[in-house]
Amino acid sequence: MAKLVLMLRVKDGIFFVDEWLDCFEKLVDEIVVLDNGSTDGTYEALLAHPKVVDIIRTEGYNEGRDKNLLYDHVRKRKPDWCLWLDIDEIFEPGLTRKDLDKLMDSTLVTKWAFRRFHFIDRQYFAGSWYRLNYSSGHDRLMWREQPSGYFQDLIIDSPNVKGIKGLKRGTHYRLKHLGYINKELVDKKADIYRKIIPDKEDTLQSMYLHGERKIEWIDNRNSLKVIGLNALLDMIQLTHIFPKVKNRLFKYLNLKKA
């Protein structure tokens with residue numbers, strides 16, 4: 001069976017930590033943590049959990065630095081596959097380790113991607129076209145470990161792992177993003193970002209999910225409503241893919257002409 005190691009970068013996540021651990025202790029083999037200066041008991045709660053095999057600490061906000069340092073520590077655990085998620089992100093309750101094992105058994109796919117749904121409260125997620133468009137894109141990855149993997153050196157908003165070669169496939173397994181349900185936590189995150197990107201106030205305000213259409217979450221992914229929603233998101237995703245394919249084709253043809 002493949003060894004799956006989950007990596008977590010966190011600061012002051014006590015609001016989510018018990019729920020997060022309860023989810024992932026059933027799904028992964030090991031958890032490696034980078035704590036960026038928690039003072040609310042998050043560090044101690046994670047340190048005490050048996051699945052947390054390594055925990056390191058940093059100071060000062062720098063996502064790229066922290067992710068690459070964390071990745072270095074993950075590699076010491078010799079994983080077959082890696083998964084990056086935040087403390088406010090958990091899988092739907094129907095997902096099992098057997099489901100992940102089936103994905104990791106693939107000999108062709110090296111990157112499996114998951115959709116996130118941004119929750120307004122515990123019962124409803126944001127359902128505006130803007131948010132559904134975002135959710136359609138499969139923005140969280142589980143990847144087969146390769147020496148070429150790395151994270152970009154960005155202070156803020158360092159995206160998914162780079163440098164992993166091979167085929168990427170999306171799944172219909174869903175992630176709950178709960179980070180917007182607590183206004184106090186959103187305020188704290190916005191204050192951190194505001195100091196780094198003071199000219200992006202409109203973007204920061206979007207974290208408060210103003211004026212969102214509310215869609216009730218259904219845990220059963222075999223529900224007709226869930227199947228229909230995934231089909232809709234697949235269609236939206238195709239509208240993203242076709243322009244990219246066209247641009248790459250034109251670029252290739254232009255290079256051949258040159």
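Every value quoted in this text rests on a predicted model; they were computed, and no experiment measured them.
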Quick one: do the [X] and [Y] side chains pair a donor with an acceptor below 3.5 Å?
{"X": "S38", "Y": "D35", "value": "yes"}
{"X": "W20", "Y": "D22", "value": "no"}
{"X": "N36", "Y": "T58", "value": "yes"}

When rounded to the nearest 0.5 angstrom, what distance separates [atom1] in [X] from [atom2] in [Y]?
{"X": "Y124", "Y": "I181", "atom1": "OH", "atom2": "CD1", "answer": "14.5 Å"}
{"X": "Q237", "Y": "T239", "atom1": "CD", "atom2": "OG1", "answer": "9.0 Å"}
{"X": "L178", "Y": "I120", "atom1": "CG", "atom2": "CD1", "answer": "12.5 Å"}
{"X": "K168", "Y": "T110", "atom1": "NZ", "atom2": "OG1", "answer": "10.5 Å"}
{"X": "F24", "Y": "F91", "atom1": "CZ", "atom2": "CZ", "answer": "5.5 Å"}
{"X": "K51", "Y": "E25", "atom1": "NZ", "atom2": "CD", "answer": "7.0 Å"}

Shortest non-hydrogen contact between [X] and [Y], atoms and distance:
{"X": "G13", "Y": "I87", "answer": "O-CG1, 3.9 Å"}
{"X": "L132", "Y": "A126", "answer": "CD2-O, 4.4 Å"}
{"X": "G163", "Y": "S148", "answer": "O-OG, 2.6 Å"}
{"X": "G149", "Y": "R75", "answer": "O-NH2, 2.8 Å"}
{"X": "V226", "Y": "N220", "answer": "CG2-O, 3.4 Å"}
{"X": "L70", "Y": "V33", "answer": "CD1-C, 3.8 Å"}

Spell out, as yes or no, whether a donor-acceptor pair under 3.5 Å connects the side chain of S223 to the backbone of K225.
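Indeed, once roles are kept as given, a pair shorter than 3.5 Å links the two residues.
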Do [X] and [Y] touch side chain to side chain, with heavy atoms closer than 4.5 Å?
{"X": "V74", "Y": "P79", "answer": "yes"}
{"X": "M7", "Y": "H73", "answer": "no"}
{"X": "F151", "Y": "N160", "answer": "no"}
{"X": "E19", "Y": "I90", "answer": "yes"}
{"X": "E63", "Y": "I155", "answer": "no"}
{"X": "K214", "Y": "D121", "answer": "yes"}
{"X": "R115", "Y": "H172", "answer": "yes"}
{"X": "L8", "Y": "L34", "answer": "no"}

Distance flag, aromatic centroids of Y71 and W84, threshold under 6.0 Å:
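No, the ring of W84 stays outside the 6.0 Å limit from the ring of Y71, centre to centre.
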Ion pair [X]/[Y], N-O distance below 4.0 Å:
{"X": "E212", "Y": "R131", "value": "yes"}
{"X": "E30", "Y": "R77", "value": "yes"}
{"X": "R194", "Y": "D199", "value": "no"}
{"X": "R221", "Y": "E92", "value": "yes"}
{"X": "D29", "Y": "K3", "value": "no"}
{"X": "K76", "Y": "D72", "value": "no"}
{"X": "D191", "Y": "K195", "value": "no"}

Can you establish whether the number of heavy atoms outside [X] located under 6.0 Å from its atom [atom1] is more than 12?
{"X": "R57", "atom1": "CZ", "value": "yes"}
{"X": "D105", "atom1": "CG", "value": "yes"}
{"X": "I227", "atom1": "CD1", "value": "yes"}
{"X": "E59", "atom1": "CD", "value": "no"}
{"X": "K26", "atom1": "NZ", "value": "yes"}
{"X": "Y208", "atom1": "OH", "value": "yes"}

If you group Ile, Leu, Val, Met, Phe, Trp and Tyr by side-chain heavy-atom gaps below 4.5 Å, do [X] and [Y] land in one group?
{"X": "L204", "Y": "I192", "result": "yes"}
{"X": "I56", "Y": "V5", "result": "yes"}
{"X": "L175", "Y": "F15", "result": "yes"}
{"X": "V28", "Y": "M1", "result": "no"}
{"X": "V53", "Y": "I55", "result": "no"}

Fit a plane to each ring of F114 and Y173, take the angle between them on a 0 to 90° scale, and name the class: parallel (under 30°), tilted (30 to 60°) or perpendicular (over 60°).
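Tilted, since the angle between the ring planes falls between 30° and 60°.
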According to the interplanar angle, ranging from 0 to 90°, do the rings of F125 and F119 count as parallel (below 30°), tilted (30 to 60°) or perpendicular (above 60°)?
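Answer is tilted, since the angle falls between 30° and 60°.
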For R65, give me all partners under salt bridge (charged side-chain N to carboxylate O under 4.0 Å, His left out), at least two apart in sequence or on another chain.
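Salt bridge (charged side-chain N to carboxylate O under 4.0 Å, His left out) check on R65 returns nothing, list empty.
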Y134 and D139: side-chain hydrogen bond (donor to acceptor under 3.5 Å, both in side chains), yes or no, with the steps?
CA-CA 8 Å; Y134 187 92; D139 70 336; 3.3 Å; yes
Check against side chain to side chain contact (heavy atoms under 4.5 Å, CB included), L4 and L83:
CA-CA 7 Å; L4 174 59; L83 174 65; 4.1 Å; yes
ring-ring contact (aromatic ring centres under 6.0 Å, His included) between F117 and W217: does it pass, once the steps are laid out?
CA-CA 9 Å; F117 294 82; W217 177 265; 5.7 Å; yes
List the steps, then state whether side chain to side chain contact (heavy atoms under 4.5 Å, CB included) holds for H138 with R116.
CA-CA 7 Å; H138 291 97; R116 286 192 305 159; over 6 Å; no
Does the pair L6 and V32 meet the rule for a side chain to side chain contact (heavy atoms under 4.5 Å, CB included), with working shown?
CA-CA 6 Å; L6 172 60; V32 178; over 6 Å; no
For D86, the option from K189, R9, K11, R140 that meets salt bridge (charged side-chain N to carboxylate O under 4.0 Å, His left out):
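That would be R140; it is the only one of K189, R9, K11, R140 passing the salt bridge (charged side-chain N to carboxylate O under 4.0 Å, His left out) with D86.
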Tell me, with the steps shown, if T96 and D99 meet side-chain hydrogen bond (donor to acceptor under 3.5 Å, both in side chains).
CA-CA 5 Å; T96 67; D99 293 321; 3.2 Å; yes
For R169, which residues count as a side chain to side chain contact (heavy atoms under 4.5 Å, CB included) partner, sequence neighbours excluded?
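With neighbours one apart ignored, the set is V109, W112, L167.
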Are R144 and I164 close enough, and set up right, to give a side chain to side chain contact (heavy atoms under 4.5 Å, CB included), and what steps lead you there?
CA-CA 8 Å; R144 188 186 299 276; I164 302 298; 5.7 Å; no
